[in-house]
**Q** 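Structure incoming, see below.
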Amino acid sequence: MIGFYILIGIVVIVILAVATMFNTLVTKRNRMREAWSDIDVQLKRRYDLIPNLVETVKGYATHEQEVFEHVAEVRASIAKAQGVADKIQAENQLSQTLKSLFAVAENYPQLRASENFMAFQKQLEDTENKIQAARRFYNSIVMDYNTALQQFPTNTIGRSFGFQDGVLFTVPEEEEQKMAAAPPVNFS
């Protein structure tokens with residue numbers, strides 16, 4: 001009879017341990033999703049600023065049609081992106097494209113002096129800073145979640161319940177090298 005109670009006790013402890021690990025993973029996954037939604041809000045804000053910025057630049061640089069078309073194509077690809085990894089890739093492309101748009105703007109002193117352009121540039125800069133902060137927070141949450149998912153025995157429980165590794169929001173390596181080598185652009 002004592003053996004039976006010991007067996008029941010072990011089963012209860014195992015069930016409680018599995019439930020605790022499962023609940024911990026669910027909490028971490030939900031925090032990761034919440035952190036991504038914070039990034040999504042800022043990306044949407046940037047996405048909404050782009051048409052106004054392009055129109056302002058177009059007013060001064062009408063013969064730069066190729067750049068404007070590329071901005072429109074990349075912006076459209078964001079709307080089609082499915083899942084975090086695709087969105088990250090599309091957003092990284094958009095960041096590159098915006099740099100080319102600002103490079104065009106550099107050639108037009110009247111544009112740089114325009115109040116509308118300066119206001120859009122300030123809003124975009126503010127949004128980019130918020131995206132960076134949200135990305136750092138998101139990556140921290142993802143790292144915490146991935147670590148929990150990869151540690152034993154949580155990894156066994158997590159994989160058996162279908163938990164997947166989170167995707168870090170990183171800048172492509174070649175972009176990091178360009179950013180380190182590129183001189184800063186200043187429109188003021």
Side-chain angles (χ1 to χ4, degrees), residues 31-143 145-146 164-188:
R31 287 192 69 217
M32 181 178 66
R33 289 175 178 166
E34 177 188 20
W36 177 255
S37 74
D38 291 345
I39 289 175
D40 223 12
V41 166
Q42 296 308 321
L43 295 177
K44 171 90 170 88
R45 181 175 178 216
R46 178 173 71 173
Y47 180 85
D48 291 342
L49 280 172
I50 291 169
N52 295 329
L53 180 65
V54 168
E55 287 304 314
T56 302
V57 174
K58 266 186 185 178
Y60 290 87
T62 54
H63 65 281
E64 304 285 353
Q65 193 62 31
E66 183 179 313
V67 173
F68 303 134
E69 288 172 0
H70 188 62
V71 170
E73 287 171 14
V74 172
R75 189 171 179 266
S77 74
I78 290 170
K80 297 175 189 172
Q82 298 294 320
V84 174
D86 287 345
K87 275 194 168 193
I88 289 170
Q89 182 178 4
E91 290 299 334
N92 284 335
Q93 274 186 315
L94 181 61
S95 293
Q96 281 301 108
T97 304
L98 288 175
K99 287 178 187 174
S100 66
L101 182 65
F102 281 117
V104 165
E106 232 178 74
N107 296 326
Y108 299 89
Q110 316 91 326
L111 174 61
R112 291 192 315 242
S114 162
E115 286 182 32
N116 283 344
F117 179 74
M118 295 303 289
F120 286 128
Q121 182 184 4
K122 178 85 172 130
Q123 288 177 18
L124 191 58
E125 182 180 317
D126 180 52
T127 301
E128 291 296 333
N129 290 337
K130 289 178 180 178
I131 290 171
Q132 281 183 345
R135 184 176 64 201
R136 281 192 301 271
F137 179 71
Y138 169 79
N139 283 343
S140 172
I141 297 295
V142 169
M143 186 66 92
Y145 169 76
N146 286 347
Q164 304 278 328
D165 283 345
V167 178
L168 291 171
F169 190 168
T170 58
V171 176
E173 188 175 317
E174 64 272 4
E175 178 62 22
E176 284 181 7
Q177 292 169 354
K178 285 180 193 174
M179 288 187 325
V185 176
N186 186 1
F187 293 107
S188 18

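Not measured: the values here are computed from a predicted model. Values reported hereafter were calculated over all heavy atoms of this structure, with side chains retained and with hydrogens, waters and symmetry mates removed.
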**Q** Roughly how far, to the nearest 0.5 Å, is the CD1 atom of Ile88 from the CD atom of Glu91?
**A**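 So the CD of Glu91 and the CD1 of Ile88 are separated by 9.5 Å.
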
**Q** Output yes when a side-chain donor or acceptor of Asn92 lies under 3.5 Å from a complementary backbone atom of Thr170, and no otherwise.
**A**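 Flag set: sc Asn92 to bb Thr170 pair under 3.5 Å.
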
**Q** Report the distance from atom CD of Gln123 to atom CG of Leu49, rounding to the nearest 0.5 Å.
**A**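 Here the rounded value is 5.0 Å.
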
**Q** Indicate every side-chain donor-acceptor pair of residues 33-42 with a distance under 3.5 Å to a residue at least two apart or in another chain.
**A**
residue : atom : partner : partner atom : Å
Ser37   : OG   : Glu34   : O            : 2.7
Asp40   : OD1  : Lys87   : NZ           : 3.0
Asp40   : OD2  : Lys87   : NZ           : 3.3

**Q** Return the minimal non-hydrogen interatomic distance between Phe169 and Asn139, and the atom names on each side.
**A**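 For Phe169 versus Asn139, the nearest heavy atoms are N-OD1, 2.7 Å.
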
**Q** Exactly one of Arg45, Lys122, Arg46 should register a side chain to side chain donor-acceptor pair (under 3.5 Å) with Thr127. Which one does?
**A**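 Between Thr127 and the candidates, side chain to side chain donor-acceptor pair (under 3.5 Å) is satisfied uniquely by Arg45.
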
**Q** Check whether any side-chain heavy atom of Leu101 sits under 4.5 Å from a side-chain heavy atom of Phe68, and report yes or no.
**A**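 With C-beta onward as the side chain, the pair touches.
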
**Q** Do Met118 and Gln121 have side-chain heavy atoms sitting under 4.5 Å apart?
**A**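 Touching, per the 4.5 Å side-chain cut-off.
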
**Q** Calculate, to the nearest 0.5 Å, the distance between atoms CG and CD1 belonging to Asp126 and Ile131 respectively.
**A**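 So the CG of Asp126 and the CD1 of Ile131 are separated by 10.0 Å.
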
**Q** Quick one: NZ on Lys44 to CD1 on Ile78, what's the gap to the nearest 0.5 Å?
**A**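 If I round to the nearest 0.5 Å, the distance is 11.0 Å.
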
**Q** Restricting to non-hydrogen atoms, name the atom on Tyr138 and the atom on Val167 that form the minimum distance, rounded to 0.1 Å.
**A**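 In terms of heavy atoms, the two residues are closest at OH-O, 2.7 Å.
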
**Q** Identify the two heavy atoms, one from Thr97 and one from Val71, that lie closest to each other, and give their separation to 0.1 Å.
**A**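 Where Thr97 meets Val71 most closely, the heavy atoms are CG2-CG2, 3.3 Å.
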
**Q** Does any part of the side chain of His70, heavy atoms only, come nearer than 4.5 Å to the side chain of Val67, both counted from C-beta?
**A**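 Result no, sub-4.5 Å side-chain heavy-atom pair not found.
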
**Q** Might you point out which heavy atoms bring Arg31 and Ile141 nearest each other, and give the distance in Å?
**A**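 Of all heavy-atom pairs spanning Arg31 and Ile141, the closest is NH2-CD1, 3.2 Å.
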
**Q** Rounded to the nearest 0.5 Å, how far does CG of Asp48 lie from CG of Leu43?
**A**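 It comes to 11.0 Å.
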
**Q** In sequence, state the C-alpha distance, the side-chain angles, and the governing distance for Leu94 and Ile50, and then conclude on side chain to side chain contact (heavy atoms under 4.5 Å, CB included).
**A** CA-CA 10 Å; Leu94 181 61; Ile50 291 169; 3.4 Å; yes

**Q** Quick check on Gln82: does its CD atom have over 12 non-hydrogen neighbours (other residues, nucleotides or ligands) under 6.0 Å away?
**A**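 It does not: Gln82 CD has 12 such atoms or fewer within range.
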
**Q** So, Asn146 side chain and Gly166 main chain: donor-acceptor pair closer than 3.5 Å or not?
**A**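 Yes, Asn146 side chain to Gly166 backbone: donor-acceptor pair under 3.5 Å.
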
**Q** Kindly check if the number of other-residue, nucleotide or ligand heavy atoms within 6.0 Å of CD (Gln89) is above 12?
**A**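 No, the 6.0 Å shell around CD holds no more than 12 heavy atoms from other groups.
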
**Q** Could you go through the side chain to side chain contact (heavy atoms under 4.5 Å, CB included) check for Val74 and Gln96 one step at a time?
**A** CA-CA 10 Å; Val74 172; Gln96 281 301 108; over 6 Å; no

**Q** Check for a donor-acceptor pair, side chain of Ser140 on one end and backbone N or O of Arg136 on the other, with a separation under 3.5 Å.
**A**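 No, because the side chain of Ser140 does not come within donor-acceptor range (under 3.5 Å) of the backbone of Arg136.
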
**Q** Can you give me the closest heavy-atom contact between Thr56 and Phe120, atom names plus distance?
**A**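 Minimum heavy-atom separation between Thr56 and Phe120: OG1-CE1, 3.2 Å.
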
